[in-house]
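Notes to accompany the following structure.
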Amino acid sequence: MVKVRFAPSPTGMLHIGGVRTAVFNWLFARAQDGGEFKLRIENTDTSREVAQAVDQIQESLRWLGLDWDGDHTFQLDRMDDCREVAQRLVDEGKSYEDDGAIRFRMPDEGTTNWEDVVRGHIEFPNDQLEDLVLVRSDGRPTYNFASPMEDVWDGITHVIRGDDHVSNTPKQINLIRAVGAEPPVYAHVPSVFGTDGKKLSKRHGAVSVEEFRDAGYISAALLNFLSLLGWAPDGETTIMSRDELVQRFDLSRVQSSPAAFDFQKLDWMNGVYLRALPRDEYAHELLLYLGEQGYDWDAELVHKAAPLVQEKIAKLGDFPAFAGFLFGDVSLDGHQLDGALLAEAERTLRDVEPFTAEAIEPALRQLAEKLGLKPRDAFAPIRLAVTGSKVSPGLFESLELLGKELALERISAARS
RNA sequence: GCCCCCAUCGACUAGCGGUCCAGGUCGCGGCCCUUUCAAGGCCGUCGCGCGGGUUCGAAUCCCGCUGGGGGCACCA
């Protein structure tokens with residue numbers, strides 16, 4: 001039976017690099033029958049900021065579908081237990097007081113080593129290991145003490161974490177052995193970089209789960225993408241459902257070299273997921289998203305517009321810019337329009353009845369032909385007049401959704 | 001400075017001694033389709049960091065170098 005944990009510290013938003021670690025933990029746990037995934041908050045105080053961060057972490061995890069088992073736990077709650085253990089270690093001569101702090105005596109000969117599931121054999125000379133402070137002089141246990149202790153108490157079998165912890169590991173192993181426990185299996189996963197090879201940070205774009213959500217990525221796509229950052233089931237497969245991910249995930253196949261976060265590929269993948277959605281579900285997602293983002297747009301109209309954009313936008317967040325003309329006035333600032341052509345278009349469209357895409361299309365095509373214009377040239381000014389942009393959903397469908405009255409109004413306004 | 005780790009197309013990766021003059025995906029370029037933008041179809045571009053070994057044979061194993069990352073806290 002495996003048991004893993006995700007242990008973020010409640011400082012600010014959940015960073016996407018950290019989330020990737022959570023994803024690996026979760027996939028690993030869910031892949032095993034009865035595997036458990038625990039959420040542990042490594043807090044050292046209980047401020048209001050912490051409470052908020054904890055909520056946000058949980059919300060982000062939930063959104064991604066990374067469910068954890070049982071209640072989340074707080075490191076802070078185990079401070080007394082930690083102090084007790086530290087005292088016992090002092091009594092046993094394995095630790096000692098130093099200026100009011102308690103230090104753990106590291107071995108100073110030989111090596112400490114382990115078989116890392118992703119890195120293989122790792123070995124540290126013990127003379128490199130400094131005596132670890134377990135409890136500060138103010139009585140607060142340190143991270144490098146509390147964290148491994150919690151792993152022991154929680155019965156964690158596999159510690160899957162970022163590779164910035166590699167050099168903490170030998171200290172933690174020695175500590176765990178000193179309290180008479182067996183160290184867990186370790187798997188240190190590589191970090192996530194920006195495309196420039198530097199650590200992923202704000203200037204690369206979105207870095208927190210919330211930001212990706214706000215930008216209109218859908219969770220299934222983000223999960224799929226994150227899973228593939230440092231792991232691949234084979235050389236071919238890229239699109240995998242949640243279930244398939246769980247089924248195929250293999251911790252020992254996780255890459256030992258760092259991966260760069262490619263926003264372009266994420267966009268592509270999000271588009272794949274969006275396009276694959278059944279129409280109604282797509283409209284539903286879109287509506288939900290717009291609501292979350294504070295757009296108070298007519299639901300029926302959004303629903304009708306959805307099929308027009310499904311194939312065209314990669315993120316739900318692109319919708320307002322792409323189809324916003326259906327929900328509010330457009331601005332034609334700085335555009336020079338062919339008045340004569342618009343006059344013709346207006347006249348043509350006035351006679352179209354019913355005002356549907358099927359009826360509009362032949363009418364406008366006929367007009368283009370009559371004027372000796374290529375369709376693209378004839379339609380461009382109309383598109384601009386009606387949508388306020390050179391790019392838009394299909395023109396005929398857009399006209400239909402806008403309605404005859406509004407459409408004619410905009411064309412007329414654009415002429416003057 | 002010391003310790004640990006990493007190294008295949010621009011990016012994510014497959015590859016675990018011969019089937020690789022290195023495969024897939026994104027991107028990029030071209031063509032086709034086309035009412036714009038997308039989507040789709042076809043074609044193409046681009047890579048084993050360097051130097052030594054080992055071996056009949058190396059992207060694959062070993063050593064060195066170079067480059068990158070992480071750590072060396074009474075931070076987490």
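In what follows, chains are A, B, ... by sequence order, proteins preceding strands, each numbered from 1.
Atom-to-atom, NE2 of His165(A) to P of rA76(B) comes out at 12 Å; the value is rounded to the nearest Å. Between Trp268(A) atom CH2 and rC12(B) atom C1' the separation is 11 Å, expressed in whole Å.
Using Watson-Crick or G-U wobble geometry with both donor-acceptor distances under 3.5 Å, rC72(B) finds its partner in rG1(B). The base-pairing partner of rA58(B), taking Watson-Crick or G-U wobble contacts with both distances under 3.5 Å, does not exist among the strands shown. Base pairing of rA11(B): its partner is rU25(B), meeting the Watson-Crick or G-U wobble criterion (both donor-acceptor distances under 3.5 Å). rC42(B): Watson-Crick or G-U partner is rG30(B), with both key distances under 3.5 Å.
Under the 6.0 Å cut-off for aromatic ring centres, Tyr295(A) and Tyr289(A) do not qualify, their centroids lying 6.0 Å or more apart.
Arg161(A) comes within 4.0 angstrom of nothing in the nucleic acid, heavy atoms only.
A side-chain N or O of Ser147(A) and one of Glu42(A) form a donor-acceptor pair less than 3.5 Å apart.
Annotation: rG69(B) and rG23(B) have their P atoms spaced 31 Å apart (nearest Å).
Between the side chain of Ser137(A) and the base of rC74(B) there is at least one donor-acceptor pair of N/O atoms closer than 3.5 Å.
Ring-plane geometry between Tyr186(A) and Trp114(A) is classed as perpendicular, the angle between the planes exceeding 60 degrees on a 0 to 90 degree scale with a lower cut at 30.
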